[in-house]
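Below is one structure; the comments refer to it alone.
Just so we're clear, the structure is a prediction, and the values are computed from it rather than from any experiment. The sequence lines fix the lettering, A, B, ..., with proteins before strands; numbering per chain opens at 1.
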2 protein chains.
Amino acid sequence: MSGKTGQGRKFNVEDALEAATLVFWNHGYEGASLAELTHAMGINPPSLYKAFGSKEDLFFSVVDHYNATHGNFMAIAFAEETSGLALMRRLLLEAADHYASASYPGGCLVISAAVTVTPANRHVADHLAKMRNDNIAAMAEALTHDLNARRIPQNTDTKAMAAFVGATLQGMSQQARDGATKEDLTRIANYAITAIGA
Amino acid sequence: MSGKTGQGRKFNVEDALEAATLVFWNHGYEGASLAELTHAMGINPPSLYKAFGSKEDLFFSVVDHYNATHGNFMAIAFAEETSGLALMRRLLLEAADHYASASYPGGCLVISAAVTVTPANRHVADHLAKMRNDNIAAMAEALTHDLNARRIPQNTDTKAMAAFVGATLQGMSQQARDGATKEDLTRIANYAITAIGA
DNA sequence: CAATTCTTGTAGTGATCGTTACACGTATGT
DNA sequence: ACATACGTGTAACGATCACTACAAGAATTG
């Protein structure tokens, strides 16, 4: 299928994806123009469209790339922690570290890149909203394991607790973008940790 | 100065402002086009520019209008509550009511209308960020009154507590946009209330 | 009525949006 | 070397962006 003839791609796809990630992370889906994207990626529009399909396709590739790199602390924590409460605690504290990084845009790309959009791009925002809600549902599931193992009070509303942790994370993301430091975010995280008894 | 001659304005400024508010609230600053704004306001571009100056000027007028109407529960709570802790509690519970309203866009306009923007509109996003930070600073000040009156533990970090409440409110706003119900938000609020002992 | 003044609707401005047609350059396959 | 295949850069596409020039309409003033 893929022939061996032709000029061959002149740029590294991973590098271009990382460059695009920083642009989308900074300015959001609609706030990132093709002109800025291609400039940051060091390529011209036809190369972008050849390699990634469209701006929207590129964005979702970027989201995957983000989740596999800058945002992978979440997936790692989910995989490594056996206790739901310990997972919540770890997510909150590590988010405080990552969201206020000095060398990258503030906050979480999934949380901030498509909050409000043009009606035509509503489905892009909905896609990220679903990822956020799925993440909270996964947190609730982890807490339900604690409940079934009688590690937390039997009257615990695990979905509500997960939603609370998710809301705290989302608020921490915005405050990181608003200038909060790691220490600021850690103090917020610790309040949440206290609230859930983790 | 303002002559009594001429055609006179044919539309009601408050009504137009309210219509524009709903559009900006739904789609954000950049996600709201002039075409959609003028259509919702029932006027044509020249009337909009004559009455409000520019899209940016209109947006800031909308923010003022929002704070004076849909979002005024905040200012009212600040004015009425004497205890900082009671103020935090009230803000959280009332936000749960307002952010998930069925008849209006979800969340808070100040929190969601300009999260990520084009570089050219960065200052608009910064303006809203400042409003959010100022609000948190005002919450911290109210808590400091509690501290000075020895109503809360003397080792309380009032700025951190205010930042935590602010983060929770911001997270609640996003979850409201993501589909959360009043009940969902109230459960989140109650976790935060527990955390700060209000 | 005529003159003045302000707002309105129509219709456009230049700029930028995401996207692509096309020809050139550069590689491989025979 | 020749033919073929693929990515590349240039330059443009129509659509939409925020915004406005302009003239007609509608009110008050003399």
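Among the nucleotides dA11(C), dT4(C), dG29(C), the one closest to any side-chain atom of T5(B) is dT4(C). Nearest to the side chain of P46(A), among dC17(D), dA21(D), dT10(D), sits dT10(D). Side chain of S54(B), nearest nucleotide from dC19(D), dG7(D), dG18(C): dC19(D).
Put simply, CD on E30(B) is 12 Å from P on dC19(D), counting in whole angstrom units. Atom CG of L34(B) and atom C1' of dT20(D) are 12 Å apart (whole Å). The distance from atom CG of D57(B) to atom P of dA18(D) is 14 Å, rounded to the nearest whole Å. Whole-Å rounding puts the M41(B) CE to dC19(D) P distance at 13 Å. Per the geometry, CZ belonging to F52(A) stands 13 Å off P belonging to dG7(D), to the nearest Å. In this structure, K50(B) places its NZ atom 14 Å from P of dG9(C), rounding to the nearest Å. At whole-Å resolution of the value, CD in E56(B) and P in dC17(D) are 18 Å apart. The separation between L58(B) atom CG and dT20(D) atom C1' is 17 Å, rounded to whole Å.
For the pair G53(A) and S33(A), nearest-nucleotide mapping onto DNA chain C gives the more 5' position to S33(A). When the nearest nucleotides of DNA chain D are assigned to G6(B) and A35(B) by heavy-atom distance, the more 5′-ward of the two goes with A35(B).
A heavy atom closer than 4.0 Å to some atom of DNA chain C occurs in Q7(B), G8(B), R9(B), K10(B), F11(B), these being the qualifying members of residues 7-27 of chain B.
Contact check, S47(A) against dT8(D): a side-chain N or O comes under 4.0 Å of OP1 or OP2. For dT20(C), neither phosphate oxygen OP1 nor OP2 lies less than 4.0 angstrom from any side-chain nitrogen or oxygen of Y49(A).
Both cation-pi conditions hold for R9(A) and F11(A): the charged atom is under 6.0 angstrom from the six-membered ring centre and inside a 45 degree cone around its axis. Judged by the 6.0 Å distance and 45° axis criteria, K55(A) is positioned over the aromatic ring of Y29(A).
Ring pair W25(B)/Y104(B) is parallel by interplanar angle, where below 30° counts as parallel and above 60° as perpendicular.
Applying the 6.0 Å contact sphere to NZ of K159(B) captures no more than 12 heavy atoms from other residues, nucleotides or ligands.
Residues T181(B) and D184(B) have side chains that bring a donor and an acceptor to within less than 3.5 angstrom of each other. For the residue pair S173(B) / S112(B), no side-chain donor-acceptor distance below 3.5 Å is found, with atom types taken as modelled.
Across all strands shown, A120(A) has no heavy atoms under 4.0 Å from either base or sugar-phosphate atoms.
To the nearest 0.5 Å, the span separating CZ on F59(A) from OG1 on T21(A) amounts to 9.5 Å.
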